[in-house]
Amino acid sequence: MSLRHYLRRAPSVTAEQAMRLVSEGAVVIDVRRAFEWNRTHIPGAVHLPLEHLLDRCDELPDDRILITFCTGGLRSAGAANLLRENGFEAVNMNRGLIEWRAAGGELTN
């Protein structure tokens with residue numbers, strides 16, 4: 001992924017907005033590495049590490065909103081931009097897992 005994916009500000013949502021979107025059918029995409037995923041993740045999230053995103057984005061639904069997230073929001077902002085460039089409706093969850101946890105979002109391991 002090029003630097004330009006990180007320089008642009010991806011459309012973003014708060015954790016509370018993400019929870020509402022998930023209840024309406026949005027898909028959460030966890031772009032963290034395997035060891036981070038294994039530690040804890042959002043139930044029902046799709047694990048698609050950032051370094052594999054471009055090669056595997058054809059596995060994602062193109063008829064639902066995709067919510068990208070990581071631990072703090074930087075990697076997932078780049079991921080949201082990349083997905084948008086490839087025709088998906090994608091947003092980044094601000095502050096990632098940090099905000100999800102603070103908002104009382106469910107986690108599993």
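Position 1 is the first residue of the sequence, and the numbers go up from there.
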Peer 1: Taking all heavy atoms of Leu97 and all of Phe69, pick out the closest pair and write down the distance.
Peer 2: CD1-CE1, 3.7 Å
Peer 1: Check the pair Thr68 / Asp30 against side-chain contact (heavy atoms from CB on, under 4.5 Å), numbers first and verdict last.
Peer 2: CA-CA 6 Å; Thr68 60; Asp30 187 331; over 6 Å; no
Peer 1: Please check if the side chain of Ser76 supplies one atom and the backbone of Asn92 the other of a donor-acceptor pair under 3.5 Å.
Peer 2: no
Peer 1: Residues two or more places apart in sequence or in another chain: which of them pass side chain to side chain donor-acceptor pair (under 3.5 Å) with Gln17?
Peer 2: Thr14
Peer 1: Looking at Pro11 and Ala90, what are the two nearest heavy atoms and their distance?
Peer 2: CG-O, 4.2 Å
Peer 1: Do Met93 and Ile29 come within less than 4.5 Å of each other through their side chains, counting heavy atoms only?
Peer 2: no
Peer 1: Can you pull out every side chain to side chain donor-acceptor pair (under 3.5 Å) where at least one residue sits in residues 94-103? Sequence neighbours excluded, please.
Peer 2: Ser12-Asn94
Peer 1: Run the numbers on Leu21 and Val13 for side-chain contact (heavy atoms from CB on, under 4.5 Å), then give the verdict.
Peer 2: CA-CA 9 Å; Leu21 289 170; Val13 295; 4.0 Å; yes
Peer 1: Are Val22 and Leu107 connected into the same hydrophobic cluster when the rule is that any two of I, L, V, M, F, W, Y join if their side-chain heavy atoms are below 4.5 Å apart?
Peer 2: yes
Peer 1: Could you state the interatomic distance from CG (Leu83) to CG (Asp62), rounded to the nearest 0.5 Å?
Peer 2: 11.5 Å
Peer 1: Just distance, no hydrogens or angles: give the donor-acceptor pairs under 3.5 Å from side chains in residues 47-58, sequence neighbours left out.
Peer 2:
residue, atom, partner, partner atom, Å
His47, NE2, Arg32, O, 2.9
Arg56, NE, Glu59, OE1, 3.3
Arg56, NE, Glu59, OE2, 3.0
Arg56, NH2, Glu59, OE1, 3.1

Peer 1: Check whether Ile65 and Val46 end up in the same hydrophobic cluster, where Ile, Leu, Val, Met, Phe, Trp and Tyr are linked by side-chain heavy atoms less than 4.5 Å apart.
Peer 2: no
Peer 1: By side chain to side chain donor-acceptor pair (under 3.5 Å), which residues pair with Glu24, not counting sequence neighbours?
Peer 2: Arg20
Peer 1: Please name all residues satisfying side chain to side chain donor-acceptor pair (under 3.5 Å) with Arg64, sequence neighbours left out, ordered by chain then number.
Peer 2: none
Peer 1: Could you walk me through whether His41 and Asn109 pass side-chain contact (heavy atoms from CB on, under 4.5 Å), step by step?
Peer 2: CA-CA 6 Å; His41 56 271; Asn109 51 353; 5.6 Å; no
Peer 1: Determine, stepwise, if the pair Val27 / Ile67 fulfils side-chain contact (heavy atoms from CB on, under 4.5 Å).
Peer 2: CA-CA 6 Å; Val27 178; Ile67 304 169; over 6 Å; no
Peer 1: Could you list all the salt bridge (charged side-chain N to carboxylate O under 4.0 Å, His left out) pairs where at least one residue sits in residues 36-47, not counting sequence neighbours?
Peer 2: Glu36-Arg75
Peer 1: Is it true that Leu66 and Val31 fall in one hydrophobic cluster, defined by side-chain heavy atoms closer than 4.5 Å?
Peer 2: yes
